[in-house]
Amino acid sequence: MSSNQEIIDQLRIIGQLLEMDKANPFRIRAYERASQTLSGLTQKITDMTEDELKAIPGIGPGMIGHIKEMKATGTTKEFETLKKRIPESLLKLLEIPGLGPKRAKLLHDELNVKSLDDLKKAAEGGKLRALPGFGEKLEENILKGLSFAQAAGKRMLLWDAKMLMETLLKEIKRCPAVIETTPAGSLRRGKETVGDLDILCTARDGAKVIEFFTKLPQVEKIMAAGETKATVWLKSQIQCDLRVVPPESFGAALQYFTGSKEHNVVLREHALKLGYTINEYGVFEVKGDRLLTIDDRVEKGKRIAGKTEEEIYKALGLAWIPPELRENRGEIEAAKANKLPKLVELKDVKGDFHNHTNLTDGVNTLEQMVEAAQAMGWEWVFIGDHSQSLKIAKGLSPQKLHETIAQVRELNKKSKDFRVFRSMEVDILKDGKMDYEDQDLDAIDAVIASVHGSMKQPEEEMTARVSRAINNPHVDIVGHLSGRLLNRREPYQINTEAILELCKKTNTALELNGQPERQDLFDIHAHRAKNLGVPLAVTTDAHSIHQLAYMEVAVTIARRAWLEKKDLINTMNAEDLMDWLKNRKGSE
DNA sequence: GCCGTTTTCGGCCCGACTGTTTTCAGTCG
């Protein structure tokens, strides 16, 4: 029996190994694509029927066979056979810039290189330069690459990447040759972490922009620099790509450079069916001249779109697709049918449920948090804290809890045109019992139930534990369902599908947590929740007044999950919200 | 390996940059 992750990983690795084996490129892509598509699912793959699997684009008889094999034996013959010929450890070599599958395989076949260590020894011994296609320069670059292969594999948190991007854009705008500059890539798509920064510029003289960019003080090393494109390694230990195009290609380049790769591949296939071809310079008519250069095409008046993204999508018979949706998870089909969601926006949010004051582990007072919430332009706020068991965060005793509730009531009386409520992030104890007695929970305006300890429980235990909490009628919202810390801690094991269904049944909301290193739910789970009709709440989990700005992160997850205004309980006014909280159990 | 409003066979996204080459393969996004 295999987990979704194991199936997804194995298919991806088979694809990579096949690539080293010089297999049919389209066969390789089929594995890549199957792996990618399956990673968008929340249901257990091994529980799905053959017909359900067949209905997934990119999943055919071959992949179904592999899934069946993995369900029965935990692995596939294909993988085991490939592994004998090409050691899996060779995949590590692909993390080095400039090393791809072909060269990695050559290193293995000719020099018996099986690991990064082997590679280092061979490069230091000057053995690489003798290989066909290698030279002194490449050998040198590989040695340099070895030193930051580790850092190159790391992804930056979305929030940190945004801050860094702002600084870079400000610098680039100082270049006189630049007309316009804008972020693209996974940052623009709002992915929870960002592997590299992508920046798009319009200019007439690309070379001038490239020269200016590569000399910025933030740049540690230039990895590549041409007429229209540069790749640098920043001092912040992240790669940054700059692409320069003329203004009439801005939309096409932005579309292309925003990705995702998977979205673009499907979009281009769609274009081909219509008799067009897309590249970063525009949408062009094909008509039997696919070998024409871009300049020839422009000259012959074959460009039919390029200036704006809207124009690009429209030329392909599609509505403009918000960047957050561009992951090849059904957005192109939805755009075709004009059924794209009208995504929720930051301005639709009227308040926050989850944050902390200096009564527990926050840094600001209750009063300061309320004031800051008002400054956010919200209509109401629930101020929360940790419950008693979370000793490390000075969790509140029941007595202290009731005192603070009285304080909140006073504050509420004092504020005009703004409502203040008491929420609490209450621990779900190891056995699923809540960290306060029912009569204490009853006094809290909104109870957020979260797992904080004993995170290593097996899936069944964890599922039962969280289910027990959800079945407690006092629990209004389930807090960060995953428990992950990006780059630091894996999510805990839980049957998410079962939890979503129970939330639907009990009309319990799920939290989208805006802390940059948490960001749970996962976007795909939140999307599934929406489709099941589970209520959702965006929160900041702020531990200071400044962190209320993390609402932007939470809304980004919501948008990646296809959520609309109506899907979030934060978009209600205070009165409707209190009605909802009071009556939600009766609405079954 | 997958797929079909031209197809159950014959297609399958597209271009920039580097280093090794003397016309291009490999890598990358």
Side-chain angles (χ1 to χ4, degrees), chain A residues 11 14-15 18-20 22-35 37 53-54 56-66 78 93-107 128-142 145 152 184-186 195-200 206 210 222-232 239-245 249 252-253 255-284 286 290-295 297 316 328 336:
Chain A
L11 293 181
I14 291 176
L18 282 171
E19 204 173 355
M20 290 200 214
K22 298 198 179 83
N24 174 353
F26 301 107
R27 202 174 147 226
I28 295 164
R29 220 179 81 198
Y31 278 95
E32 257 174 40
R33 201 180 237 188
S35 170
T37 309
L53 288 170
K54 215 185 216 158
I56 302 170
I59 304 297
M63 297 300 164
I64 292 175
H66 287 327
E78 178 84 55
L93 267 56
L94 304 183
E95 288 169 20
I96 295 171
L99 269 192
K102 301 254 165 48
R103 287 174 183 154
K105 180 68 172 8
L106 192 72
L107 286 168
L128 266 46
R129 61 186 72 178
L131 295 175
F134 282 73
E136 271 184 57
K137 190 100 191 226
L138 196 54
E139 188 175 79
E140 197 182 312
N141 281 343
I142 286 171
S186 49
D196 61 3
L197 300 178
D198 296 311
I199 302 174
L200 178 67
I210 298 293
I222 301 168
M223 299 167 86
E227 294 279 303
T228 68
K229 192 179 151 181
T231 298
V232 299
Q239 184 179 311
C240 179
D241 294 343
L242 178 79
R243 186 67 197 265
V244 190
V245 297
S249 293
Q255 194 290 317
Y256 154 80
F257 217 27
T258 297
S260 66
K261 197 177 159 194
E262 293 78 13
H263 172 89
N264 285 356
V265 168
V266 177
L267 197 70
R268 287 168 186 200
E269 284 170 355
H270 171 71
L272 273 186
K273 279 184 210 150
L274 299 175
Y276 302 129
T277 181
I278 317 178
N279 54 41
E280 53 266 54
Y281 300 101
V283 178
F284 298 86
V286 179
R290 296 192 54 189
L291 295 178
L292 280 185
T293 66
I294 289 156
D295 287 343
R297 281 183 179 147
L316 304 172
N328 189 28
K336 234 182 273 182

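Chain naming here is simple, since letters A, B, ... match the order of the sequence lines and numbering starts at 1 in each. Not measured: the values here are computed from a predicted model.
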Touch check for [X], heavy atoms < 4.0 angstrom, all strands: base, sugar-phosphate only, or nothing?
X	value
A/A225	sugar-phosphate
A/R33	nothing
A/I278	sugar-phosphate
A/P132	nothing
A/L99	sugar-phosphate
A/Y256	base
A/E262	nothing
A/P25	nothing

Below 4.0 Å: OP1/OP2 of [N] and any side-chain N or O of [X]:
X	N	result
A/T277	B/dC14	yes
A/T228	B/dC17	yes
A/R27	B/dG1	yes
A/Q239	B/dC28	no
A/R29	B/dC13	yes
A/N264	B/dC14	no

Notebook entry, point to check: When only distance counts, do a donor and an acceptor, one from the side chain of A/Y281 and one from the base of B/dG15, lie under 3.5 Å apart?
Noted result: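 Checked by distance alone, the answer is no.
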
Next item on the list: Could you tell me whether the side chain of A/D196 has a donor or acceptor atom within less than 3.5 Å of a complementary atom in the base of B/dG29?
Entry: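 By the distance-only test, no, there is no pair.
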
Margin query: With a 4.5 Å cut-off on side-chain heavy atoms, are A/V265 and A/R29 touching?
Written below: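 Yes, their side chains come closer than 4.5 Å.
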
Item checked: Watson-Crick/G-U partner (both atom distances under 3.5 Å) of B/dT8 ->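 Partner of B/dT8: none.
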
Check: Would you say the side-chain atoms of A/Q239 and A/D241 include a donor-acceptor pair closer than 3.5 Å?
Finding: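 Yes - a donor-acceptor pair under 3.5 Å links their side chains.
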
Margin query: If you only use heavy atoms from C-beta on, which nucleotide in B/dC17, B/dG26, B/dC12 is closest to the side chain of A/N24?
Written below: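 So the nucleotide nearest the side chain must be B/dC12.
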
